[in-house]
Asks: 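One structure follows; several queries about it will come next.
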Amino acid sequence: MHPDASNGSCSSKIIDAHTIQKKGPLKSIADESNHVYCFRTDQNGKDVVLKLGWQKASTFKGFCAKHDKAMFSPIEDELYRGSKSQSFIAGYRAVALEYFKKISSLKGLPFMSQYVDRGMPVETQVEFQRNLNSMKQGFFKGIDDFKETLSTYEKSHKSQAYDDFESLTVYFTGDLDIAVSGCFSPDFTTSGKRIQTLASGVKFVENIAVNTLNTKDGYALVFSWPKSFTKCAEFVESLMSINHSDLPSKLVELIFSYIENVYFSMSWLNGLENNKKILIESMARRSIQYGEPVEFSNYKYTNWKVDRVVRN
């Protein structure tokens, strides 16, 4: 998914590329045995907390070894300094991941259509196939939107036009506990105002990337988006209006509500009060957040202290 990828320019091996810095945020949340955790569903449809080695967590086969190293070294091998180029390439990787995931999911739909509803009552099969068809249309729409966004990143990368993109960086200290890399399409501001709709017939839905990165003094949550994405800018403005003391709670709930590629430490999860644990897991396991705003609780999940919020 590198803009210069070709048979002639790529190295021979497509690697398991990390979307979250292996020696950065993943290392910070790994336990003594170098494992991190995430909410997933197993092959039998059972909700589980999955244990993964930090070498395997957050990976996807989107880049060859040569291009992965060349493109992402500024955020893999260096601390985040808030530069436009670092914010851009972090966003690029998150968008590439989401595009890759949507294509992969679409490939599994024919199997689901043929086999998953076998043995169900006829009326249940009809309802299942109807829902599956709606899901399929959603995947096609998502693929088109993320393909267009990825194309915007590719063009800007080739010309190094990083000024065509914006970022919002939340700098904070404390125990990291949670790390994320992914994208979502903000359809509401944090105050609940609708800013875009994902309904059928809409030509294009804007999406925004968010990544956890290590800094000299702590950590950063970095939101990245093309300057032309005015809906994302409006969402970001609503984030900036939140008091710094309330921001960590809302960020945690946004992340788990919208993004799958989220990892955490088991000591953090086990240390949550039961009502907080139940809420955050229900947000993570909700199949679709889109269509209604996140209902924020103002629970305190972490000891994060926001130092500053910078739009660039």
Side-chain angles (χ1 to χ4, degrees), residues 1-5 19 62 71-72 74-75 80-103 138-170 180-211 213 220-242 251 254-255 257-259 261 289-291 293-294 309-312:
M1 293 188 175
H2 190 279
D4 296 329
T19 54
M71 187 167 196
F72 302 115
I75 56 174
Y80 178 72
R81 306 179 309 277
S83 70
K84 277 189 170 290
S85 59
Q86 285 181 309
S87 302
F88 171 87
I89 61 173
Y92 188 113
R93 187 159 62 180
V95 171
L97 168 67
E98 295 296 338
Y99 181 55
F100 178 89
K101 283 167 51 182
K102 290 186 182 301
I103 291 175
F139 275 125
F140 280 125
K141 181 70 174 72
I143 287 173
D144 290 341
D145 290 341
F146 276 101
K147 183 178 182 180
E148 185 171 337
T149 303
L150 185 59
S151 176
T152 301
Y153 273 90
E154 289 173 343
K155 291 174 183 176
S156 293
H157 178 69
K158 284 185 175 181
S159 60
Q160 296 189 354
Y162 303 133
D163 285 339
D164 292 344
F165 285 73
E166 287 193 85
S167 66
L168 181 78
T169 303
V170 180
V180 61
S181 178
C183 295
F184 65 100
S185 301
D187 47 346
F188 293 89
T189 65
T190 56
S191 62
K193 174 190 172 185
R194 181 179 282 282
I195 51 177
Q196 62 179 341
T197 177
L198 279 65
S200 59
V202 176
K203 185 177 180 181
F204 178 76
V205 178
E206 297 178 7
N207 43 75
I208 190 168
V210 57
N211 291 273
L213 298 170
L221 270 172
V222 184
F223 293 83
S224 312
W225 69 98
K227 269 187 179 177
S228 59
F229 286 12
T230 58
K231 306 304 181 185
C232 291
E234 188 172 355
F235 169 77
V236 163
E237 287 164 7
S238 74
L239 267 182
M240 294 178 69
S241 70
I242 299 170
L251 288 171
L254 275 171
I255 287 167
S257 293
Y258 282 111
I259 298 175
N261 192 41
Q289 173 60 49
Y290 298 110
V294 176
V309 178
V310 179
R311 185 170 177 178
N312 185 15

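Numbers for residues simply follow the sequence, beginning at 1.
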Asks: Quick one: closest heavy-atom pair of C183 and I259, and the distance?
Replies: O-CG1, 4.1 Å

Asks: In Å, rounded to the nearest 0.5 Å, how long is the span from CZ of F88 to CG of D163?
Replies: 11.5 Å

Asks: Under the criterion side-chain contact (heavy atoms from CB on, under 4.5 Å), I'd like the reasoning laid out for S151 against K155: C-alpha separation, chi angles, the key distance, then a yes or no.
Replies: CA-CA 6 Å; S151 176; K155 291 174 183 176; 3.6 Å; yes

Asks: Nearest heavy-atom pair of A220 and Y80: which atoms, and what distance?
Replies: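 In terms of heavy atoms, the two residues are closest at CB-CD2, 4.0 Å.
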
Asks: Which pair of non-hydrogen atoms, one from H157 and one from Y162, has the smallest distance, and what is that distance?
Replies: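 Heavy atoms only, the tightest pair is ND1-OH, 4.0 Å.
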
Asks: Considering residues, nucleotides and ligands other than K193, do more than 12 of their heavy atoms fall under 6.0 Å from its NZ?
Replies: no

Asks: How long is the gap from CZ on F188 to OG1 on T197, to the nearest 0.5 Å?
Replies: 8.0 Å

Asks: Give me the atom names and distance for the closest heavy-atom approach of D164 to S156.
Replies: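 Scanning both residues completely, I find the closest heavy atoms to be OD2-OG, 3.9 Å.
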
Asks: Are the side chain of Q86 and the backbone of P74 linked by a donor-acceptor contact shorter than 3.5 Å?
Replies: yes

Asks: Find the distance between CD (Q196) and CD (E234) and round it off to the nearest 0.5 Å.
Replies: 10.0 Å

Asks: Given 3.5 Å as the limit, does a donor-acceptor pair link the side chain of S238 with the main chain of S191, or not?
Replies: no

Asks: State whether the side chain of K147 and the backbone N or O of Y99 hold a donor-acceptor pair below 3.5 Å, judged by distance alone.
Replies: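 It does not hold such a pair.
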
Asks: Where do N207 and S185 land on the side-chain hydrogen bond (donor to acceptor under 3.5 Å, both in side chains) test, with the steps shown first?
Replies: CA-CA 4 Å; N207 43 75; S185 301; 4.5 Å; no

Asks: Quick one: CD1 on I208 to CG on L239, what's the gap to the nearest 0.5 Å?
Replies: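 It comes to 7.5 Å.
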
Asks: Closer than 3.5 angstrom, by distance alone: can the side chain of E206 be matched with the main-chain N or O of T230 as a donor-acceptor pair?
Replies: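 Judged by distance alone, yes, a pair lies under 3.5 Å.
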
Asks: L168 pairs by side chain to side chain contact (heavy atoms under 4.5 Å, CB included) with which of N312, V310, V236?
Replies: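 Of the listed options, the one satisfying the test is V236.
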
Asks: So, for A90 and I75, which heavy atoms are closest and what is the spacing to 0.1 Å?
Replies: CA-CD1, 3.9 Å

Asks: Could you walk me through whether N261 and T19 pass side-chain hydrogen bond (donor to acceptor under 3.5 Å, both in side chains), step by step?
Replies: CA-CA 9 Å; N261 192 41; T19 54; 2.8 Å; yes

Asks: Going by heavy atoms in the side chains, are R311 and E237 under 4.5 Å from each other?
Replies: yes

Asks: Spell out, as yes or no, whether a donor-acceptor pair under 3.5 Å connects the side chain of K231 to the backbone of P186.
Replies: no

Asks: Identify the two heavy atoms, one from M240 and one from V309, that lie closest to each other, and give their separation to 0.1 Å.
Replies: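 Shortest heavy-atom separation between M240 and V309 comes out as CG-CG1, 4.5 Å.
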
Asks: In terms of the angle between their ring planes, are F184 and Y258 parallel, tilted or perpendicular, with boundaries placed at 30° and 60°?
Replies: parallel

Asks: Apply the side chain to side chain contact (heavy atoms under 4.5 Å, CB included) test between V210 and each candidate in L254, L221, V222; give the one that qualifies.
Replies: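 Going through the options one by one, the only one that passes is L221.
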
Asks: With heavy-atom distances below 4.5 Å as the criterion, would you say the side chains of F223 and E166 are in contact?
Replies: no

Asks: With distance as the sole test, does S224 use its side chain to make a donor-acceptor pair with the main-chain N or O of S87 at under 3.5 Å?
Replies: yes

Asks: Please name the residue in the list F204, F235, Y153, F165 that meets the ring-ring contact (aromatic ring centres under 6.0 Å, His included) test with F229.
Replies: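 Passing option: F204.
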
